[in-house]
Amino acid sequence: MQTLGGYGYIAEYPMEQYLRDAKIASIYEGTNGIQALDLLGRKLGMKGGMVFMQYMQDLAAAVEQAKGVERLAGVAAGLEKSQAKLAETVMGFQGAMASGNSEAVWPVLSATPFLEAMGHVTVAWFLADMAVMAQGKLDALCADKGVDAADRKAYRAFLGENDEAKFLDGKVQSAIWFANNVLPEADGIFKSIGTKDLSALQVVL
Amino acid sequence: MSHFMIDERDMEFVLFDWLNTGQLASSAKYAEAGFDESVAREMIRTALKLAKDESRPSGRRWTSRASNSRTAKSRCPSRSKRRSESFAKTDFSVSPRRREWGGMAMPHSLNIAATEIFSGANMAFTMYAELTYGAAHIIEAFGSDEMKAKYLEKMYTGQWTGTMCLTEPGAGSDVGALKTKAFPNGDGSYHITGSKIFISSGDHDMTDNIIHPVLARIDGAPDGIKGVSLFLVPKYLVNGDGRPGEFNDVVTGNIEHKLGIKGNATCTLNFGDHGKCVGWLVGEENKGIVYMFQMMNEARLYVGMQGQSVAATAYMNALKYAKERIQFTHVRDMGESRRAARGDHRTSGHPPHADVHEVDDRGHACDALQGRAVGGHRRNRRGRKRKEAL
Ligand SMILES: Cc1cc2nc3c(=O)[nH]c(=O)nc-3n(C[C@H](O)[C@H](O)[C@H](O)COP(=O)(O)OP(=O)(O)OC[C@H]3O[C@@H](n4cnc5c(N)ncnc54)[C@H](O)[C@@H]3O)c2cc1C
């Protein structure tokens, strides 16, 4: 809607309907708040924590793969950093919930931002995973067509004329963009969760 | 023209390159059903065609009325019935189900991809199909043989639709607080009374029966979620010949006016106000939430997919717009055709930039413009060409 400006807001274009239609998704079939509590209370501890462990292992494997692709070095580094913060946060939650004292309410208060941060990490991971594959195909395509990717001008011209190359390059750029522009927000969220702030419960309403 | 747009190459990449769905052909289960990558690609093509041809901006012409008939039916836009029939014929919503129930035994990932396409084209309508799938799947997984024979094929082939009835005025996120009650009739059936609210696809006239899975508490059962059982409550009782018969006292009390998904009727359903609503227990007593969770988990994945589907078509529309939108432009030559076009928009009510597209598309006045794509730092391609021409 923002891209379309005023035209996005009026019914002539489908954007206003998309916005209205999509809003229900955060409300029905478990509100976002309930989904966040479900992630925290049911999913993280599912099968004695084995499901989450598997998640972390698969994520680490994807990071290793991304490290092997030159253009994705920054993506891999960003993901590795965010994964460490995710692990630290979950360990903190486990300690607090086991503590049995007033700190046990901290993970519950943090559930919604935690859902958001873990969502960012997961999306960055999937984009990176797809980018690894896309870069492999792109390299093969360049080799096939005799294009030298290091020659910026020739490479850009190639993207302009070859739809498949343009698409594959776009997949890589998407992963880079997300890792640089959105993933750091997850780090910020983990940081804010780390303050263990309980003021929302202490305020007198 | 449909507003729906999707990046088809990206969908292919995800399905066939990244997830390697074609590889599933090596499993005996899918090979037996005739699945291979070319079949999968053909299914996706068919889904795209159906979505583009059949979907219009939905929800704008939805009319609903609380009629004075006992059933207070909600009326669907006239196109909906046709759309629902053509949709049902493709069997997409049931593609992963077993053949004996009308399915195609195809991999679930294909069903998800097709659903993303349909939902992007018309989220409100696609909900009818998805809820039907989930409700029928409960019957397939937990229902008695009699229930399967009565309902499954009809639902999986889209002849009847389904819902999920959990929410009540006092029980939203806290489902265990529900008050709808079930009293045994002594013949294995139950008498149901209570009110459910916000029921998606709750009532409509697209099909001649609607099957409601309803969470209710059997008289005397414990409080909270542990005392909740699941019942099947058809809108019309099913006759011996398998056809819908007598009205089962499921009265639509209200159809909500709401922000979006206006093409999907969100209903208050009153069960048994006239003492004549019959339901049949699914599985065992007090295990209702366990069975319902199968549908809820499917619906949760589906809701995530809804977000993705709408975001995808929104992105593609925004991208197209940004590429075409020309602003901060030096107009060097206001040709006659362009002036005429500008005049047009005042009478036709098109926004001015749409005329620019039209003029552009007809090849008129292009060389008069030197544009930049809004939000992009690169010169708009058309603009660049024009500048070169000048
Ligand atoms: C268009 C539409 C279609 C729907 N379709 C269906 C349907 O087909 N079938 C059906 O059964 N229902 C349906 N619903 C109902 C929907 O699932 C509920 O509205 C939803 O579960 C929230 O319940 P509620 O409205 O009572 O809100 P509440 O439960 O009152 O929630 C209000 C707010 O409080 C928060 N909250 C609630 N409990 C807690 C807690 N313990 N801790 C922290 N925060 C909490 C929630 O996250 C939310 O932000 C539909 C609703 C709509 C609007």
Side-chain angles (χ1 to χ4, degrees), chain A residues 1-39 42-43 62 115 119 122-123 126-134 136-138 156 160 163-168 170-172 174, chain B residues 2-5 7 9-10 13-14 17-18 57-60 119-120 122-124 127 164 166-167 172-174 198 200 258-264 266 296-297 299-311 313-315 317-319 321-322 325 327 349-351 353-354 374-375 381:
Chain A
M1 181 177 282
Q2 203 67 17
T3 303
L4 273 75
Y7 298 106
Y9 195 78
I10 61 172
E12 185 99 25
Y13 284 82
M15 296 305 179
E16 58 88 32
Q17 186 187 333
Y18 291 155
L19 186 89
R20 290 186 290 99
D21 283 355
K23 181 55 205 162
I24 189 62
S26 69
I27 294 173
Y28 64 13
E29 207 35 74
T31 60
N32 277 14
I34 294 296
Q35 297 293 340
L37 290 172
D38 179 69
L39 173 64
R42 289 207 195 102
K43 301 296 192 292
L115 172 74
T122 308
V123 172
F126 284 11
L127 286 174
D129 207 39
M130 286 191 272
V132 168
M133 171 171 269
K137 286 180 184 291
L138 188 55
R156 285 213 77 86
D163 281 349
E164 180 68 1
K166 183 171 82 172
F167 168 77
L168 293 169
K171 291 300 280 184
V172 178
S174 299
Chain B
S2 167
H3 58 91
F4 169 64
M5 293 178 74
D7 186 339
R9 176 66 189 105
D10 195 48
F13 180 88
V14 169
D17 294 326
W18 192 48
S58 63
R60 297 183 196 273
S119 179
N122 192 332
M123 178 167 151
M127 287 170 67
M164 59 196 300
L166 295 81
T167 306
S173 297
D174 183 8
F198 299 160
S200 296
K258 59 190 191 293
L259 182 72
I261 50 164
K262 294 189 188 221
N264 191 277
T266 308
M296 286 158 71
N297 283 332
R300 285 173 177 195
L301 293 175
Y302 171 65
V303 170
M305 199 278 309
Q306 285 184 320
Q308 153 71 22
S309 72
V310 175
T313 182
Y315 169 74
N317 272 277
L319 181 64
Y321 181 90
R325 170 77 159 151
Q327 241 187 158
H350 285 307
H353 74 278
V374 168
R381 256 198 241 141

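When reading the values below, keep in mind they use all heavy atoms of this one structure, side chains included, and skip hydrogens, waters and symmetry mates. Small disclaimer: the values here were computed from a predicted structure and weren't measured.
Among A:Gln2, A:Lys23, A:Gln35, the residue making the largest number of heavy-atom pairs under 4.5 Å with chain B is A:Gln35.
In this structure, chain A has a heavy atom under 4.5 Å from the side chain of B:Met127, while its backbone stays farther away. Proximity to chain B is limited to the side chain of A:Met15, based on heavy atoms less than 4.5 angstrom apart. For a residue to count as touching a neighbouring chain, one of its non-hydrogen atoms must lie under 4.5 Å from one of that chain's; by this rule A:Leu19 does not touch chain B. With a threshold of 4.5 angstrom between heavy atoms, A:Asp129 approaches chain B through its backbone and through its side chain. Heavy atoms closer than 4.5 Å to chain B are found in the side chain of A:Glu164, but not in its backbone.
Of all heavy-atom pairs spanning A:Leu4 and B:Ala318, the tightest one is CD1-CA, 3.8 Å. Shown here for B:Lys262 and A:Asp21, the closest heavy-atom pair between the two residues is N-OD1, 4.5 Å. Minimum heavy-atom separation, B:Asp17 to A:Met133: O-CE, 3.2 Å. Looking at every heavy atom in both residues, A:Met130 comes nearest to B:Val14 through SD-CG2, 3.9 Å.
For A:Ser174, the side-chain hydrogen bond (donor to acceptor under 3.5 Å, both in side chains) test picks out no residue, with sequence neighbours left out. For the side-chain hydrogen bond (donor to acceptor under 3.5 Å, both in side chains) test, no residue two or more places apart in sequence or in another chain qualifies with B:Asn297. Judged as a salt bridge (charged side-chain N to carboxylate O under 4.0 Å, His left out), and not counting sequence neighbours, the contacts of B:Asp10 are A:Lys171.
Atoms OH and CG, on A:Tyr28 and B:Leu166 in that order, are 14.0 Å from each other to the nearest 0.5 Å.
B:Trp18 places a side-chain heavy atom less than 4.5 Å from the side chain of A:Phe126.
In this structure, a donor-acceptor pair under 3.5 Å is present between the side chains of B:His3 and A:Tyr18. No donor-acceptor contact under 3.5 angstrom links the side chains of B:Tyr321 and A:Thr3, judged on distance only.
For residues 302-311 of chain B, the interface with chain A (any heavy-atom pair closer than 4.5 Å) comprises B:Val303, B:Gln306, B:Val310, sorted by residue number.
Checking side-chain atoms of B:Arg300 against main-chain N and O of A:Glu29 turns up a donor-acceptor pair under 3.5 Å.
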Working for side-chain contact (heavy atoms from CB on, under 4.5 Å), residues A:Ile24 and B:Lys258: CA-CA 10 Å; A:Ile24 189 62; B:Lys258 59 190 191 293; over 6 Å; no
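The aromatic ring centres of B:Phe13 and A:Phe167 sit less than 6.0 Å apart.
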